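Values in this document were obtained by computation on a predicted structure and should not be read as measured data.
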Amino acid sequence: QMQLELKRLQKQVELTFIYITHDQEEALNMSDRIAVMHDGRFEQVGTPAEVYDRPRTSFVARFVGTANIVEGRVAENRNGTLMVHAAGGEVPALCCGCGKKAGDSVTLAVRSEHVEFCTEGGLPATVKEKTFAGGMLRIALVASRHGIDIALSAGDGVRVTWAAQNAVPVDTHQEARA
């Protein structure tokens, strides 16, 4: 309620507001631009969509929303789509212009809502727990799936993957970026 009132007031008076919060959801909902800070330095500055969908560092990926961080090696670069060997499997990642080639190490950030179950390929994972808060199924790699009728139990082995555009290469060093 307060968020909506502040946004309405800001538009009405046509002034720039600087709003400081530790509530990531609030920042995403209220902001035109977000600056994510870590140890007093800017990790990333951008629109809410840029910060959420294309985090530059593993810190930003974990701090804003829920992201899985997967480390692996590039098997091949197919015109900007990487095939990455990680954790006993292979997954895709979109990496246009990143210059990664076979053998390079790469760290990927994948949002929980983009993790999909598959029968072949992908990465092996183990169901950690099954919760019904919003119908979310949680596995070792965090996945948010709607629906409570998924026939899985804690301890079950699964395979997971995602679409290439949903895996973002990130910097694992918390370097200042502006």
Distance (rounded to the nearest 0.5 Å) between [X] [atom1] and [Y] [atom2]:
X: T172; Y: E71; atom1: OG1; atom2: CD; answer: 6.5 Å
X: L82; Y: R73; atom1: CG; atom2: CZ; answer: 13.5 Å
X: T161; Y: L123; atom1: OG1; atom2: CG; answer: 7.0 Å
X: I34; Y: E43; atom1: CD1; atom2: CD; answer: 14.0 Å
X: M30; Y: D23; atom1: CE; atom2: CG; answer: 10.0 Å
X: S31; Y: I18; atom1: OG; atom2: CD1; answer: 11.0 Å

[X] to [Y] - nearest heavy-atom pair and separation:
X: D104; Y: K100; result: OD2-CA, 3.5 Å
X: A61; Y: I69; result: CB-CD1, 4.0 Å
X: E90; Y: M83; result: OE2-CE, 3.4 Å
X: C95; Y: P169; result: SG-CG, 3.8 Å
X: P92; Y: A167; result: O-CB, 3.5 Å
X: G88; Y: R159; result: O-NH2, 3.7 Å

D171 and R56: CA distance, side-chain angles, deciding distance, side-chain contact (heavy atoms from CB on, under 4.5 Å) verdict: CA-CA 6 Å; D171 188 349; R56 289 186 183 159; 6.0 Å; no
With hydrophobic residues grouped by side-chain heavy-atom distances under 4.5 Å, do [X] and [Y] end up in a single group?
X: V168; Y: V84; answer: no
X: V36; Y: L28; answer: yes
X: W162; Y: V106; answer: yes
X: V70; Y: V158; answer: yes
X: V170; Y: V51; answer: no

Sub-4.5 Å side-chain heavy-atom contact between V91 and L108: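 Touching, per the 4.5 Å side-chain cut-off.
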Check: E116 and V160 side chains under 4.5 Å, non-hydrogen atoms: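 When only atoms from C-beta onward are counted, E116 and V160 do not touch, as no gap falls below 4.5 Å.
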Counting distance only, does the side-chain N/O of [X] pair as donor-acceptor with the main-chain N or O of [Y] below 3.5 Å?
X: Q44; Y: R54; result: yes
X: Q24; Y: F63; result: yes
X: K7; Y: N29; result: yes

Audit row: T107, S105, side-chain contact (heavy atoms from CB on, under 4.5 Å) steps and yes/no: CA-CA 7 Å; T107 301; S105 63; over 6 Å; no
Face-on cation placement of R111 at Y52 ring, 6.0 Å and 45° thresholds: yes
Pair L15-Q10, side-chain contact (heavy atoms from CB on, under 4.5 Å): steps then yes or no: CA-CA 6 Å; L15 291 175; Q10 188 269 334; 5.8 Å; no
Whether over 12 other heavy atoms sit under 6.0 Å from Q165 CD: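 Correct, the count exceeds 12.
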Any donor-acceptor N or O pair under 3.5 Å, side chains E26, T21: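 Looking only at side-chain atoms, T21 and E26 do form a donor-acceptor pair, the distance falling under 3.5 Å.
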Electrostatic pair R78:E76 at N-O distance under 4.0 angstrom: yes
